[in-house]
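Here the structure is laid out as structure tokens; the discussion comes afterwards.
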Protein chains: 2
Amino acid sequence: MDATGTITRSIGRTAVREELARGAFVQFCRDGFDGVTLDDLAAAAGVSRSTFLRYFGSKEEVVLSTFDPLGDALVDALRARPAGEDDWAALRRALDPAVRQLTREPGEGFVLLRLVGRTPALCARLREKQAGWRPRLVQVLSERAAPAPPSSVVLHARVAAAMECLMTALEHWVAAEGRPELGGLVDEAFGALAPAGR
Amino acid sequence: MDATGTITRSIGRTAVREELARGAFVQFCRDGFDGVTLDDLAAAAGVSRSTFLRYFGSKEEVVLSTFDPLGDALVDALRARPAGEDDWAALRRALDPAVRQLTREPGEGFVLLRLVGRTPALCARLREKQAGWRPRLVQVLSERAAPAPPSSVVLHARVAAAMECLMTALEHWVAAEGRPELGGLVDEAFGALAPAGR
DNA sequence: TCTAGTCTGACACTCAGTACCAGTCTTGGT
DNA sequence: ACCAAGACTGGTACTGAGTGTCAGACTAGA
């Protein structure tokens with residue numbers, strides 16, 4: 001078979017990726033995102049620059065690969081919401097796993113988000129990554145509302161707004177040194193708007 | 001006086017900027033954003049690379065400087081909305097000047113947005129630029145609602161959501177080859193959500 | 001053992017963006 | 001008209017991200 005080798009390789013690759021990201025994160029926190037070069041990262045990890053870059057594709061991705069599981073969790077959670085629930089409530093609840101993941105390990109998620117928040121390049125790329133989740137979320141909302149889903153514009157607007165509510169909450173959470181409950185801030189942001197129709 | 005010279009210089013500088021951007025836009029449309037280097041742009045404009053870059057600061061800004069007046073127009077329009085109007089309606093109406101500006105000169109705004117839409121780097125930077133408008137918009141909303149404005153989180157969420165509704169409408173407008181009325185798409189996106197409270 | 005596919009390090013390269021410097025031009029004051 | 005201060009220009013050198021290529025080492029399966 002071919003699949004066996006592929007799978008073990010895939011596992012190994014993921015593990016290496018996480019290990020490299022972990023080491024890099026320490027350096028970024030110490031010297032700032034722009035204060036560390038790819039050469040620094042590679043040298044500290046004991047691999048060549050080529051290899052290091054092969055694992056991530058870009059410097060930003062070294063940090064932001066952490067968020068990949070969040071996107072999947074978000075989509076799954078939305079799909080698991082009861083059919084009767086309106087879109088806005090479902091989107092709010094779908095964020096719970098993501099919020100839990102960010103607040104588990106006190107300080108972990110906070111430090112990560114603070115790093116992202118004060119590095120414009122990371123902010124921009126994180127939004128790009130989020131934009132990549134949107135089509136899947138729109139798809140789930142569309143299926144939930146079958147057989148007569150709202151237009152693509154409407155669904156897209158709701159998903160985008162929900163993502164921005166999350167981002168707003170995260171920004172305030174970081175700005176407030178992580179003191180208030182993140183979940184409460186997300187509630188407050190979602191409460192600023194309400195679903196119209198359906 | 002010192003101001004006189006400063007002003008004339010400022011006018012000249014703006015004019016040169018626009019002229020350079022105009023020429024660059026043609027090249028970008030022909031060869032794509034990534035298909036044109038700063039050397040190409042400078043050579044075509046008849047200035048040195050140093051000088052060209054001094055006018056914009058970054059390659060993305062050559063394209064996105066076009067959006068600068070939009071931010072100001074947006075803030076002014078929001079400030080001009082009647083006091084009784086709720087936030088969501090006011091934000092929607094505040095976008096009218098921006099929409100008009102983008103749809104005047106048929107094809108102009110459309111081609112620009114299509115270029116931005118298919119260049120990830122430009123998308124990301126445009127969102128960054130929009131993020132720069134938000135604090136001012138939040139400030140205006142806060143003043144409108146004096147003496148008891150909602151929390152910063154709430155206002156920020158509304159402004160961010162409004163911006164995303166605009167972006168969603170723009171994306172769909174470009175995807176549909178500019179056929180439907182942009183204003184109608186913005187209405188549809190805004191209609192996907194409704195203001196809660198106040 | 002052999003073979004095919006993968007991973008690695010090394011090197012060369014393009015390009016964006018920054019810093020600096022010397023020469024030139026413009027502006028306002030004398 | 002002349003001069004001094006400041007702005008604008010072009011040139012050069014540099015850093016650092018990201019791409020492409022290549023040969024050699026490693027690994028899994030036949």
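Below, chain A is the first sequence line, B the second, and so on; all start at residue 1.
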Readout for nucleotides 9-20 of chain D: B = base within 4.0 Å of protein heavy atom, S = sugar-phosphate only, - = neither; 5' to 3' it is BBBB---SBBB-
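Remark: B/D76 engages no residue in a side chain to side chain donor-acceptor pair (under 3.5 Å) (not counting sequence neighbours). Residues passing the ring-ring contact (aromatic ring centres under 6.0 Å, His included) test with B/F52, sequence neighbours excluded: B/F56. A search for ring-ring contact (aromatic ring centres under 6.0 Å, His included) contacts involving A/Y55 returns nothing, not counting sequence neighbours.
In this structure, B/L41 places its CG atom 12 Å from C1' of C/dC15, rounding to the nearest Å.
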Can you give me every donor-acceptor pair (side chain of residues 109-125 of chain A, partner residue at least two apart or in another chain, under 3.5 Å) with its distance?
residue: A/T119; atom: OG1; partner: A/L115; partner atom: O; Å: 2.9

Going by atom type alone, with no hydrogens or angles, which donor-acceptor pairs under 3.5 Å involve a side-chain atom of residues 92-101 of chain A and a protein atom two or more places apart or on another chain?
residue: A/R92; atom: NE; partner: A/D187; partner atom: OD1; Å: 2.6
residue: A/R92; atom: NH1; partner: A/D96; partner atom: OD1; Å: 3.2
residue: A/R92; atom: NH2; partner: A/G183; partner atom: O; Å: 3.3
residue: A/R92; atom: NH2; partner: A/D187; partner atom: OD1; Å: 3.1
residue: A/R93; atom: NE; partner: A/D96; partner atom: OD2; Å: 2.7
residue: A/R93; atom: NH2; partner: A/D96; partner atom: OD1; Å: 3.4
residue: A/R93; atom: NH2; partner: A/D96; partner atom: OD2; Å: 3.2

